[in-house]
**Student:** 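I have a structure here, written as structure tokens, and I will follow up with some questions on it.
Position 1 is the first residue of the sequence, and the numbers go up from there. Small disclaimer: the values here were computed from a predicted structure and weren't measured.
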Amino acid sequence: MNPSAVSHLRRLLAGLCLLIFFPALAMAGTPPSRVAILPFAAHSDRDLNYLTSGLRDMLASRLASQAGVEVVPREKVTQALAGKANPSDPAALRLLGANLQADYILAGSLTTAAGSLSLDATLTSVKGDAQPQTFYATAPREEEIISAIDNLSWQIAEKAFGKTKPAATSAAAGVAPIPIAGAQQAADPYQTAHPDRLLMGKEGGYSNVLRPLGVVTGALGFTKSQDLNYGLVAMDVGDVDGDGQDEFVLASAYDVRIYRRTDGRYQKIAQIPLGHRYTIHWISLGDINKNGRQEIYVSAADSSGPSSTVLEWDGKGFAHLADNLPWYLRVIDIPGQGKVLAGQQSGINQLFAKGVFKVSLQGDRVVKGEALQTGGTNLFDFSYADLEGNGSLLVVAISQDDRLMVIRPSGKVLWTSDDYFGGTTRFVGGQQYGDLSKIENDSNARIYIPARIIIRDVNNDGRADVIINKNLSSASRILARTRSYPNGEIHALTWNGISLTDLWQTRKIDGYISDYQMGPVQVVPTKDGKPQQIKTELNVGVVLNSSGFDLFKSDSAVLTFPLHLTGDEGKAQTE
């Protein structure tokens with residue numbers, strides 16, 4: 001072979017070697033992403049260290065195998081934190097990640113609620129080249145936490161690192177939020193005193209017809225939003241942009257945030273700050289101006305009196321229809337009339353002047369209309385209800401000492417509960433939320449804003465029923481000036497002619513129940529001879545791992561309890 005042919009052959013073999021080995025060399029030169037996993041925070045009224053420690057290790061091993069990442073050794077993360085709490089600011093997280101020579105920081109929390117657990121995690125890029133990604137999974141019972149961890153790790157592997165879950169794993173039972181339209185399961189968080197599924201009948205005794213009230217979809221009995229990094233003060237649910245779908249309007253002490261819910265995730269579409277002088281204590285929605293979009297009525301006050309705001313979607317954003325209104329405002333549902341706007345003023349040396357009125361808006365001015373008969377209660381203390389099913393209205397109210405009452409509009413008290421209901425940390429007068437450290441030294445008057453009283457016919461017997469919270473706390477009943485509620489329940493009550501009695505209640509919810517609202521009713525036709533199905537949902541705003549005393553250092557979430565009712569109580573059977 002001549003020299004030129006040998007030289008050509010050598011060059012050809014060298015090229016082939018490069019073609020064969022270059023991809024491998026290139027791959028070998030791209031190290032896997034490094035992820036630092038911070039200690040998981042625990043939101044619970046019990047010690048969960050044994051769980052948070054173990055889940056961190058299990059999540060690390062799964063991410064290494066499923067996402068192909070390198071996990072920063074646990075001891076190095078511990079040394080970098082040096083006994084300090086996890087940073088929450090993205091800039092601080094990126095700095096910590098850089099010190100650990102990591103590409104991503106994974107922070108998360110474990111929350112207990114009504115006997116179940118939920119995992120929230122946030123993945124932050126150390127380079128800051130992308131927005132932090134959030135992930136969420138739930139476990140109906142503690143022993144199912146491993147399934148939730150597996151679900152969470154695959155979410156991260158797929159969405160953040162482009163991995164594909166194998167088909168066999170995809171079919172495994174991951175624990176994820178289940179929508180209201182899903183198939184019914186046996187789990188039922190709605191209980192009566194004895195037994196769990198036995199419900200009070202019309203005459204106050206136990207009925208021999210067991211109505212499937214509160215039968216829910218999903219193994220948990222509820223779904224949970226991702227954690228929200230602020231203390232929830234008030235909330236309402238309704239169509240505020242006219243698209244036919246309900247939005248969630250949530251308020252912290254000083255701003256309003258609007259969310260759309262998609263596949264169990266809450267996407268924030270707007271945040272409206274309202275300044276720090278006046279503290280929000282109530283949110284209500286209603287299309288009072290009849291333009292197809294519900295306005296947002298924000299009732300707020302400082303230590304001397306009210307200053308409310310009205311917001312409305314204008315096609316591009318939420319515009320201020322009115323500001324600095326010297327009225328407490330609330331949308332009230334009056335049976336036979338629908339939703340009306342009601343208001344109450346403060347007076348000289350009075351946080352609430354006498355009289356609740358129908359009102360209307362003319363620009364930035366409130367026009368007072370006819371007086372409403374409220375049985376002597378203030379604007380936020382009551383709801384109207386046709387408890388007897390005869391068209392006559394009664395007033396269902398909460399007193400300042402958390403007693404539930406049924407009153408005639410003229411003021412005659414028909415019944416007062418022995419037990420405590422309601423219970424909130426919202427108030428007007430006194431030191432406002434920004435001065436919580438001074439509460440014990442606060443000598444100013446303070447009037448608490450009671451819990452929302454929802455009126456619905458939840459057992460379809462033609463009479464209104466009452467849905468109300470019961471925030472649990474013995475200390476708050478003794479120390480009237482220091483209200484704190486570490487956990488609570490939601491109760492559904494029916495009028496038996498002499499008193500309100502339990503239909504069902506949720507299991508205990510860990511955390512402070514700040515507000516709640518029922519969704520719209522959906523009637524679903526069924527086959528001939530069977531009762532129609534009625535579906536709705538109960539949305540409960542909870543301040544996690546908190547008694548509600550200090551809302552500025554708390555996270556919150558919205559729990560959604562799907563309700564599946566029947567439309568013919570005579571044919572209703574238990575599931």
**Student:** Any donor-acceptor pair under 3.5 Å linking the side chain of Gln226 with the backbone of Tyr266?
**Tutor:**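 The answer is yes, because a donor-acceptor pair under 3.5 Å joins these two groups.
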**Student:** To the nearest 0.5 Å, what is the distance between NZ on Lys470 and CZ on Phe421?
**Tutor:**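 Here the rounded value is 4.0 Å.
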**Student:** Can you find a side-chain donor-acceptor pair between Ser299 and His281 that sits under 3.5 Å?
**Tutor:** yes
**Student:** Within the side chain of Arg260, is there an N or O that forms a donor-acceptor pair under 3.5 Å with the backbone of Gln245?
**Tutor:**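 No, the answer is negative, given that no donor and acceptor are paired below the 3.5 Å cut-off.
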**Student:** Of all heavy-atom pairs between Asp227 and His43, which one has the smallest distance, and what is that distance?
**Tutor:**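 Here Asp227 and His43 meet closest at OD2-CD2, 3.8 Å.
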**Student:** So how far is it from Phe380 CZ to Trp282 CH2, rounded to the nearest 0.5 Å?
**Tutor:** 7.0 Å
**Student:** Name the residue from Thr501, Asp465, Asp457 that meets the side chain to side chain donor-acceptor pair (under 3.5 Å) definition with Thr494.
**Tutor:** Asp465
**Student:** May I ask you to check if Arg330 and Phe382 form a cation-pi contact, with NZ or CZ under 6.0 angstrom from the six-membered ring centre and within 45° of the axis?
**Tutor:**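 Checked: cation-pi criterion met.
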**Student:** Can you see whether Ser417 engages Asp419 through a side-chain donor-acceptor pair at a distance of less than 3.5 angstrom?
**Tutor:**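 No donor-acceptor contact under 3.5 Å links the two side chains.
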**Student:** Between Asp386 (side chain only) and Asn390 (backbone N and O only), is there a donor and an acceptor less than 3.5 Å apart?
**Tutor:** yes
**Student:** Is there a side-chain contact between Ile468 and Ile490 in this structure, where contact means two heavy atoms from C-beta onward sitting under 4.5 Å apart?
**Tutor:** no
**Student:** Quick one: does any side-chain atom of Arg452 pair with a main-chain N or O of Asp515 as donor and acceptor, under 3.5 Å?
**Tutor:**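 Not a single qualifying donor-acceptor pair exists.
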**Student:** In Å, rounded to the nearest 0.5 Å, how long is the span from CD1 of Ile453 to CG of Asp381?
**Tutor:**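 Atom-to-atom, Ile453:CD1 and Asp381:CG are 7.5 Å apart.
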**Student:** Is the backbone N or O of Thr560 less than 3.5 Å from a side-chain atom of Asn539, with the two atoms forming a donor-acceptor pair by type?
**Tutor:**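 Such a contact is absent between Asn539 side chain and Thr560 backbone.
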**Student:** Regarding Gln294 and Asp236, is there a side-chain donor-to-acceptor distance under 3.5 Å anywhere?
**Tutor:**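 Asp236 and Gln294 do not have a side-chain donor-acceptor pair below 3.5 Å.
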**Student:** Could you tell me whether a side-chain N or O of Glu247 sits under 3.5 Å from a main-chain N or O of Val240, the two making a donor and an acceptor?
**Tutor:** yes
**Student:** Strictly distance-based, threshold 3.5 Å: is any side-chain N or O of Ser225 a donor or acceptor partner for the main-chain N or O of Val558?
**Tutor:**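 Judged by distance alone, yes, a pair lies under 3.5 Å.
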**Student:** For Lys224 and Asp120, what are the C-alpha separation, side-chain angles and deciding distance, and is it a side-chain contact (heavy atoms from CB on, under 4.5 Å)?
**Tutor:** CA-CA 10 Å; Lys224 172 184 169 291; Asp120 289 85; 2.9 Å; yes
**Student:** Any side-chain heavy-atom pair from Leu285 and Gln517 closer than 4.5 angstrom?
**Tutor:**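 The answer is no, as the side chains (C-beta and beyond) never meet within the 4.5 Å cut-off.
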**Student:** Does Arg403 make a cation-pi contact with Tyr420 (under 6.0 Å, within 45 degrees of the axis)?
**Tutor:**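 Flagged: Arg403 positioned over aromatic ring of Tyr420.
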**Student:** When you measure from the side chain of Tyr448 to the backbone N and O of Thr424, does any donor-acceptor pair fall under 3.5 Å?
**Tutor:**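 Absent.
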**Student:** Measuring from atom CD1 of Ile280 to atom CG of Leu250, what distance do you get when rounded to the nearest 0.5 angstrom?
**Tutor:**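 Those atoms lie 11.0 Å apart.
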**Student:** Do any N or O atoms from the side chain of Glu158 and from the backbone of Lys165 form a donor-acceptor pair under 3.5 angstrom?
**Tutor:**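 Yes; at least one donor-acceptor contact below 3.5 Å.
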**Student:** Between Arg463 (side chain) and Trp495 (backbone), is there a donor-acceptor pair under 3.5 Å?
**Tutor:**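 Yes, Arg463 side chain to Trp495 backbone: donor-acceptor pair under 3.5 Å.
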